[in-house]
Trainee: 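Take this structure first; my questions come after.
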Amino acid sequence: MSDQPSRPAMAMREIREQLGHVEPSTPDVQVQATHYVVSVLPEGDINRSLFTINVEYRGDDRWAVVRHRDCLNAAGEWSYEPRPSERDDDWLAEHRFTLGAALVLAKQAAPHLRVNGHSAVDAYRRTQGEVQR
C-alpha cells in the first residue's frame, strides 16, 4: 500500500481534458435524433414524398406522428394539428407518444395512406413492379 493520500476518480471529461481531446470548460456537444421517415416506398422512389409519414420529436421524450399538417392520434385517426397555443392537455395526451409507440403507429398507418384514390401499396406495386421487370 502507498502512503500517498487517495484521490477521487476522475470523470471522463477530466481525463479527456488532460489528454488534450477537449478544451477545458468547453461544453460537450449534444447530438439528438429528432425525425424519422416512415414509408412503404423505398428511398429514391419518385412517389415516396407523397406517401410518407414523419415521426417528429416534440420535447419531453414525446413524439408526434405527422403528415403535412395532420397528426395521428392513439386511435389511428388523422386530425389537423393546431398551433401550439391551441393544444390543450387532452389533445396532447391523444397525439403524443413514446418513440416506440409513435413508430408502431406510423408503420401501421403507412400502407393505408391515400393520394388521388391510390394507396401507398398501390404506388409501391406500380413503381416497384416496373423495377422488377
Side-chain angles (χ1 to χ4, degrees):
M1 288 241 187
S2 171
D3 290 335
Q4 297 207 355
S6 65
R7 353 181 264 180
M10 285 193 293
M12 185 56 80
R13 171 112 190 138
E14 292 173 299
I15 295 169
R16 291 193 333 251
E17 286 175 0
Q18 284 189 1
L19 293 172
H21 295 178
V22 294
E23 291 181 34
S25 302
T26 301
D28 288 332
V29 175
Q30 304 295 311
V31 177
Q32 179 181 21
T34 61
H35 184 102
Y36 291 85
V37 175
V38 179
S39 180
V40 298
L41 297 172
E43 186 176 7
D45 187 293
I46 192 169
N47 295 308
R48 185 171 183 185
S49 64
L50 300 172
F51 295 98
T52 292
I53 295 172
N54 296 299
V55 175
E56 300 175 354
Y57 184 68
R58 297 297 169 91
D60 296 325
D61 284 333
R62 307 310 285 170
W63 295 77
V65 181
V66 296
R67 181 168 184 247
H68 307 299
R69 290 284 305 154
D70 289 339
C71 200
L72 197 64
N73 67 19
E77 301 164 337
W78 293 99
S79 61
Y80 178 76
E81 183 175 28
R83 65 181 78 192
S85 62
E86 296 173 2
R87 300 175 197 155
D88 61 21
D89 290 340
D90 290 336
W91 191 92
L92 289 170
E94 282 292 312
H95 294 86
R96 296 296 183 263
F97 312 97
T98 64
L99 175 58
L103 290 172
V104 166
L105 285 168
K107 287 178 182 181
Q108 290 171 344
H112 306 288
L113 294 179
R114 297 192 78 74
V115 175
N116 294 330
H118 299 281
S119 73
V121 173
D122 295 335
Y124 175 86
R125 289 181 181 142
R126 189 172 58 249
T127 58
Q128 296 308 301
E130 293 171 4
V131 170
Q132 294 174 2
R133 289 184 193 164

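These figures come from a predicted structure and were not determined experimentally.
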Trainee: Which atoms form the tightest heavy-atom contact between S39 and A110, and what is the distance?
Mentor: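 The answer is CA-CB, 4.5 Å.
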
Trainee: Atom CZ in R69, atom CZ in R83: separation rounded to 0.5 Å?
Mentor: 8.5 Å

Trainee: Rounded at 0.5 Å granularity, tell me how far CD in E77 sits from CD in E94.
Mentor: 8.5 Å

Trainee: Do the side chains of S79 and H95 get nearer than 4.5 Å, heavy atoms only?
Mentor: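 SC-SC contact between H95 and S79 confirmed.
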
Trainee: Do you know which two heavy atoms are closest between S119 and R114, and how far apart they sit?
Mentor: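 Taking every non-hydrogen atom into account, CB-NH1, 3.4 Å.
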
Trainee: Report, as yes or no, whether the 6.0 Å neighbourhood of atom CD on E43 holds more than 12 heavy atoms from other residues, nucleotides or ligands.
Mentor: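 At most 12 heavy atoms, drawn from other residues, nucleotides or ligands, come within 6.0 Å of this atom.
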
Trainee: Counting C-beta onward and ignoring hydrogens, is there a side-chain heavy-atom pair between L72 and Q108 closer than 4.5 Å?
Mentor: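 Side-chain contact under 4.5 Å: no.
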
Trainee: Does L19 CG have over 12 foreign heavy atoms under 6.0 Å away?
Mentor: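 Check passes, neighbour count above 12.
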
Trainee: Work out which heavy atom in V65 is nearest to a heavy atom in A106; give both atom names and the distance.
Mentor: CG1-CB, 3.9 Å

Trainee: Using a 4.5 Å cut-off between side-chain heavy atoms of Ile, Leu, Val, Met, Phe, Trp and Tyr, which other residues end up in the same hydrophobic cluster as W91?
Mentor: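 L92, listed by chain and number.
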
Trainee: How close do T52 and L113 get, counting heavy atoms only, and between which atoms?
Mentor: N-CD1, 3.9 Å

Trainee: Any side-chain heavy atom of R126 sitting closer than 4.5 Å to one from N47?
Mentor: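 R126 reaches N47 side chain to side chain.
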
Trainee: Does N54 use its side chain to pair, donor to acceptor, with the backbone of E56 at less than 3.5 Å?
Mentor: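 Answer holds: no.
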
Trainee: Let me confirm one number: the CG-OH distance from L99 to Y57, rounded to the nearest 0.5 Å.
Mentor: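 OH of Y57 is found 10.5 Å from CG of L99.
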
Trainee: From D61 CG over to R96 CZ, what is the distance, rounded to the nearest 0.5 angstrom?
Mentor: 13.5 Å

Trainee: What is the minimum heavy-atom distance between P111 and V121, and which atoms define it?
Mentor: O-CG2, 3.6 Å

Trainee: Grab the two heavy atoms, one from V66 and one from W78, that are nearest each other, plus how far apart they are.
Mentor: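 Reported closest heavy-atom pair: C-CZ3, 3.9 Å.
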
Trainee: CG of D88: more than 12 outside heavy atoms within 6.0 angstrom?
Mentor: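 Buried by this count: over 12 neighbours within 6.0 Å.
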
Trainee: According to the ring-ring contact (aromatic ring centres under 6.0 Å, His included) rule, which pairs have a member within residues 33-52, sequence neighbours left out?
Mentor: Y36-W63

Trainee: If we only count heavy atoms from C-beta on, is the R62 to T98 side-chain gap below 4.5 Å?
Mentor: yes

